[in-house]
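Each chain gets a letter, A, B and so on, in the order its sequence line appears, and its residues count up from 1.
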Number of protein chains: 2
Amino acid sequence: MVERLDLTFAALADPTRRAMLASLALGERSVGELAAPHAMSFAGAAKHVGVLERAGLVERRKAGRQQLCRLKAERLREADEWLRQWERFWLSTLDRLEAIIVEDQAKLK
Amino acid sequence: MVERLDLTFAALADPTRRAMLASLALGERSVGELAAPHAMSFAGAAKHVGVLERAGLVERRKAGRQQLCRLKAERLREADEWLRQWERFWLSTLDRLEAIIVEDQAKLK
DNA sequence: ACAATATAAAACCATATGGTTGAACGACTC
DNA sequence: GAGTCGTTCAACCATATGGTTTTATATTGT
């Protein structure tokens, strides 16, 4: 499970891959469809799909010459479960006050 | 915000750093205290603390010759918020059924 | 003043990551 | 059967990451 979290968080630490997941939230997508919106070579994008698959966030099935990908939420749930350990911290009044201050400072820039 | 999620998830993708956060959940810790439990050089562990700090998950303050670290939950909350976009997927009956099957198969090994 | 402590900083190494190009391959179309 | 489409694979490159050791710098205790 520890290594699973490693893979999951590492897979999520890239905007291209997060965008692909967002696309998969709307339904199955072929590798080509997942790759298209991204400004990089097809092979590069396909590697990202591979990372998502190896992390268990995506499942592939052959459909003719296409390869259809489907979201697998289970690992996302595990990651979320881990994160919620700290819920009490971000819910604490002190932390919320601090967050507000940080936001205000950001707006001033 | 996109780059923030990059940093947050990347910081979480390492068991040493997750363990450090768990330690910080119990209260402030010096860099040395954070480093001690891990089977690596002090400098190596201190680098991990640096990663956590740069990701905004940890705050440092000087206290004599020590450097006390405190958990900052705000970025964890942001990561959690992002993950919960997919909550409906892992709550869906189909996905839950699949999860149960996967677990059963794991138990058979 | 001196030694010990806590940490930072620099240089280095091996491996991983994110990207590229080009070749190969199976599956459809004609 | 030939070409095209969707995809994989291999080789390569630059940079990032996770670790090491050594050196340096405050701070504290004696």
Any residue meeting side chain to side chain donor-acceptor pair (under 3.5 Å) with Q67(B), in chain and number order, not counting sequence neighbours: none
N or O in side chain of R60(B) less than 4.0 angstrom from dA8(C) OP1/OP2: yes
Under-4.0 Å salt bridge between E81(B) and R84(B): no
S23(A): side chain to side chain donor-acceptor pair (under 3.5 Å) partners, not counting sequence neighbours: R29(A)
Sequence neighbours excluded, every pair satisfying ring pair (Phe, Tyr, Trp, His ring centres under 6.0 Å) that has a member inside residues 53-84 of chain A: F9(A)-W82(A), W82(A)-W86(A)
Set of residues satisfying side chain to side chain donor-acceptor pair (under 3.5 Å) with respect to E53(A), sequence neighbours excluded: R60(A)
Annotated protein contacts, base or backbone, on nucleotides 15-30 of chain D with a non-hydrogen cut-off under 4.0 Å, one of B, S, - each: ---SBBB-----BB--
Partners passing salt bridge (Lys or Arg N to Asp or Glu O under 4.0 Å) against E33(A) (at least two apart in sequence or in another chain): none
side-chain N/O Q66(B) vs dT5(C) OP1/OP2, d < 4.0 Å: no
Listed partners of E78(B) passing side chain to side chain donor-acceptor pair (under 3.5 Å), at least two apart: R4(B)
Side chain to side chain donor-acceptor pair (under 3.5 Å): pairs with one or both residues in residues 39-50 of chain A, sequence neighbours excluded: R17(A)-H48(A)
Close approaches to DNA chain C from residues 22-35 of chain A, in residue order (heavy atom, under 4.0 Å): none
